Every structure is written in structure tokens, then in C-alpha cells.
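Everything below concerns the one structure shown next.
Order of the sequence lines sets the chain letters (A, B, ...), proteins ahead of strands, with each chain counted from 1. Model, not experiment: these values are computed from the prediction.
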There are 2 protein chains.
Amino acid sequence: MHSLNNLIIEFYDKLSSWEQSVVKDTGYSLAQVHTIEVLGSHGSMRMKELADRLAITTGTLTVQVDKLVKFGLITRSPHEDDRRSILVGLTSEGMALHKHHNRMHIQLTEDITRHLDQNSIDVLTKSFEKMNREF
Amino acid sequence: MHSLNNLIIEFYDKLSSWEQSVVKDTGYSLAQVHTIEVLGSHGSMRMKELADRLAITTGTLTVQVDKLVKFGLITRSPHEDDRRSILVGLTSEGMALHKHHNRMHIQLTEDITRHLDQNSIDVLTKSFEKMNREF
DNA sequence: TTATTTACTTTGACTATCAAACAATATAAC
DNA sequence: GTTATATTGTTTGATAGTCAAAGTAAATAA
């Protein structure tokens with residue numbers, strides 16, 4: 001159990017620095033790419049929902065969104081039913097960044113699992129499913 | 001492969017927010033606890049080595065260490081062989097914080113693996129070993 | 001119709017961070 | 001041995017990310 005614990009921590013740390021270096025290459029910040037990621041994988045959403053998913057306040061998000069709009073990665077549009085709300089979504093440039101980042105992730109997953117046999121990958125997949133459910 | 005990739009990303013995100021909430025309870029910042037973690041698991045070391053392990057500059061570390069010393073969590077002591085260098089190490093209070101944080105990690109590992117049978121845990125452990133080697 | 005809640009923005013303060021300039025010491029070149 | 005170069009750590013100035021609190025506008029409840 002202790003060794004598994006240490007392996008998980010090591011895995012997390014390595015993933016963390018991998019992410020940092022991959023993000024640095026894009027020229028955008030970690031927070032900015034993370035915002036693009038969430039919008040890319042879940043689609044357009046309101047400020048409040050996006051802030052919750054990013055675990056930041058809407059105040060912080062407002063200034064982040066200002067920058068991303070200026071960069072041409074996202075757009076604000078009015079919410080149809082609720083005039084207090086604003087829909088935030090990716091531009092085509094934002095989508096391109098998301099796709100690029102996603103490809104990097106898939107490539108990493110392929111790289112780190114290349115010495116695992118099919119059975120291990122199956123067990124690993126099922127184990128991650130079960131673990132993710134327990135958080 | 002895609003589903004495993006998504007599971008890894010989900011796992012990382014959940015671990016990330018778990019860490020954030022656990023750290024918040026200590027009253028110290030993420031960066032501060034991370035510094036304590038590295039010193040706790042690797043023992044005393046020079047500023048440069050610590051900065052490298054934390055992936056920050058020595059300039060950033062200097063101010064961080066100032067604060068942690070003020071909090072009574074770490075101490076600076078002269079390096080025996082190299083008078084340019086300084087050894088940074090945990091106080092007993094720092095060690096207590098490290099132990100507490102470590103216990104939380106072990107508890108988490110136990111919690112998220114409680115529905116895995118022994119064979120899965122074995123495969124999972126070996127798979128993490130192999131994956132960590134490939135980064 | 002009024003009171004309360006919700007969504008977003010703005011502002012002020014704080015922390016983490018880096019790059020660059022600096023001082024002290026160690027190491028390499030000659 | 002002396003000089004030149006590299007390394008270690010600190011300081012300083014600038015920037016980004018963050019929150020809490022106050023403010024505005026709109027939706028919902030009383």
C-alpha cells in the first residue's frame with residue numbers, strides 16, 4: 001500500500017511537470033490552457049459553471065476571460081434564457097489549441113503505456129474507473 | 001487508449017483538487033506544503049537542489065524559505081564543505097506537518113483502492129512502476 | 001410589488017513566480 | 001599562484017493568478 005502510494009505521488013509529480021513543459025511551449029499560461037481544456041471537452045458554458053469547474057471565483061475568471069478573448073481564443077455571447085448570464089465558448093483558434101493539447105495527452109498516454117501488455121491495460125483502465133469513482 | 005487517456009486526466013484532476021483541499025486545511029499554501037514534502041521525503045538539502053526539485057528559481061525559493069523559517073517549519077544551516085551553500089532542513093514542527101500530510105496521502109490511497117482485488121493492486125503497482133519510468 | 005437570491009464585474013490586497021543584477025565562494029586555466 | 005570563469009544564494013522590480021468584498025443587473029420568491 002505504501003509503495004503504491006509513493007508510485008501515485010511520483011506519477012502525479014511527473015504528469016505535473018510534463019503538463020507544465022507542454023503548456024510552456026504553447027506560449028500561454030497553465031491557467032489559460034486549463035480554461036481552454038475545460039471549454040474544449042465540455043463545450044460552451046456560463047461563467048459560473050466554468051468558474052466552478054476550474055475551482056476559481058467568477059472574479060478571477062472575468063479577468064482571465066478578458067485576456068483569452070483578447071488573444072482570440074474564446075468568445076462571450078449572451079445567454080438566451082438568462083440575461084444575467086454569459087456563454088463562453090472557443091473560437092476556431094481556441095479549438096485548434098484544444099485539439100493540439102489533446103493530441104499531446106494521447107501521445108503521452110501511448111508513450112507511457114507502451115511496455116504494458118493488453119491485460120495490464122485492461123486492468124489499469126478498470127482500476128482507474130473504480131478509483132475515480134471513490135474520490 | 002482514448003478512454004485510458006481520459007481516465008488519467010480525470011484522475012489527475014481529482015488528485016489535484018483533493019491535494020488543494022487537504023493543503024488548505026493545514027493553513028499553509030500549496031507551495032509551502034510542497035516544499036515541506038520534498039524536504040520530508042528526501043531529507044535536508046542545499047537551496048539549489050531544493051529549487052531544482054520544486055522546479056522554481058533559487059530567487060523564488062529564498063523568499064519562500066524566509067517565510068517557512070519564520071513559521072518555524074524549517075531551518076537554514078551552513079554547508080560544511082561549500083561556504084556558498086546553505087542546508088535547508090525540517091524542524092520537528094516541519095516533520096510533524098510532513099508526517100500528517102503523508103498520512104493523509106496513505107489514507108487516500110487506501111480509500112480509492114478499497115474496491116480493487118489483490119491482483120488488480122499488483123498489476124496497478126507494476127504498471128505505475130513501468131509508466132513512471134517512461135516519463 | 002417588494003425582498004431576496006443569483007450572475008457577473010470591478011477593485012484592492014496578497015502570494016508566487018521569473019529575470020536580471022549582485023556578492024561571495026569555488027573551480028578551472030594559465 | 002594568480003586570474004578568469006562558473007556556481008550558489010540573495011535582492012529587486014515586474015507580472016500573473018488568486019480571493020474577498022462591494023457594486024450592478026437580472027431572475028426568483030414572498
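Looking only at side-chain heavy atoms (C-beta outward), B/Y28 and B/I36 stay at 4.5 Å or farther from each other.
Note on A/S85: only backbone sugar-phosphate atoms sit closer than 4.0 angstrom, heavy atoms only; bases stay farther off. Heavy atoms of A/S29 sit under 4.0 angstrom from primed sugar atoms or phosphate atoms, though from no base atom. Residue A/E49 is classed as having no contact, given no heavy-atom separation below 4.0 Å to the nucleic acid.
Heavy-atom nearest nucleotides on DNA chain C were determined for B/T60 and for A/D82, and the one closer to the 5' end corresponds to A/D82. Annotation: of the two residues near DNA chain D, A/D81 and B/V65, the 5′-most nearest-nucleotide partner is B/V65. Comparing B/I56 and A/R84, the nucleotide of DNA chain C nearest to each residue sits closer to the 5' end for A/R84.
In this structure a side-chain-to-backbone donor-acceptor pair under 3.5 Å is present from B/T91 to B/L73.
Between A/M47 and A/T58, the shortest heavy-atom distance links the atoms CE-O, 4.4 Å.
The existence of a salt bridge linking A/D122 and A/K126 is excluded, since no basic side-chain nitrogen approaches an acidic carboxylate oxygen closer than 4.0 Å.
Defined by atom type and a distance below 3.5 Å, a donor-acceptor pair is present between the side-chain atoms of B/D117 and B/S120. Judged purely by distance below 3.5 Å, without hydrogens or angles, the side chains of A/Q107 and A/D111 pair a donor atom with an acceptor atom. Between the side chains of A/H105 and A/E19, at least one donor N or O sits under 3.5 Å from an acceptor N or O. Side-chain contact annotation: B/E10 with B/N6, donor-acceptor N/O pair under 3.5 Å absent.
The separation between B/Y28 atom OH and C/dT15 atom P is 14 Å, rounded to whole Å. Atom CG of B/L50 is separated from atom C1' of C/dA16 by 15 Å (rounded to the nearest Å). At whole-Å resolution of the value, CG in A/D66 and C1' in C/dC8 are 11 Å apart. Distance CG (A/D52) to C1' (C/dT6): 12 Å, rounded to an integer number of Å. In this structure, the NZ atom of A/K24 is 12 Å from the P atom of C/dT17, given to the nearest Å. Whole-Å rounding puts the A/R76 CZ to C/dA7 C1' distance at 13 Å. Taking atom CG on A/L30 and atom P on C/dT17, their separation rounds to 12 Å, with Å as the unit. For the pair B/L61 CG and C/dA19 C1', the computed distance is 16 Å after rounding to whole Å.
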Encoded 5' to 3' (Watson-Crick or G-U under 3.5 Å; [ ] crossing; | other strand), DNA chain C becomes ||||||||||||||||||||||||||||||
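Taking the 5' to 3' direction, DNA chain D first and last meets chain B under 4.0 angstrom from a heavy atom at D/dT7 to D/dT11.
The structure places CD of A/Q32 at 9.5 Å from CG of A/L30, a figure rounded to the nearest 0.5 Å.
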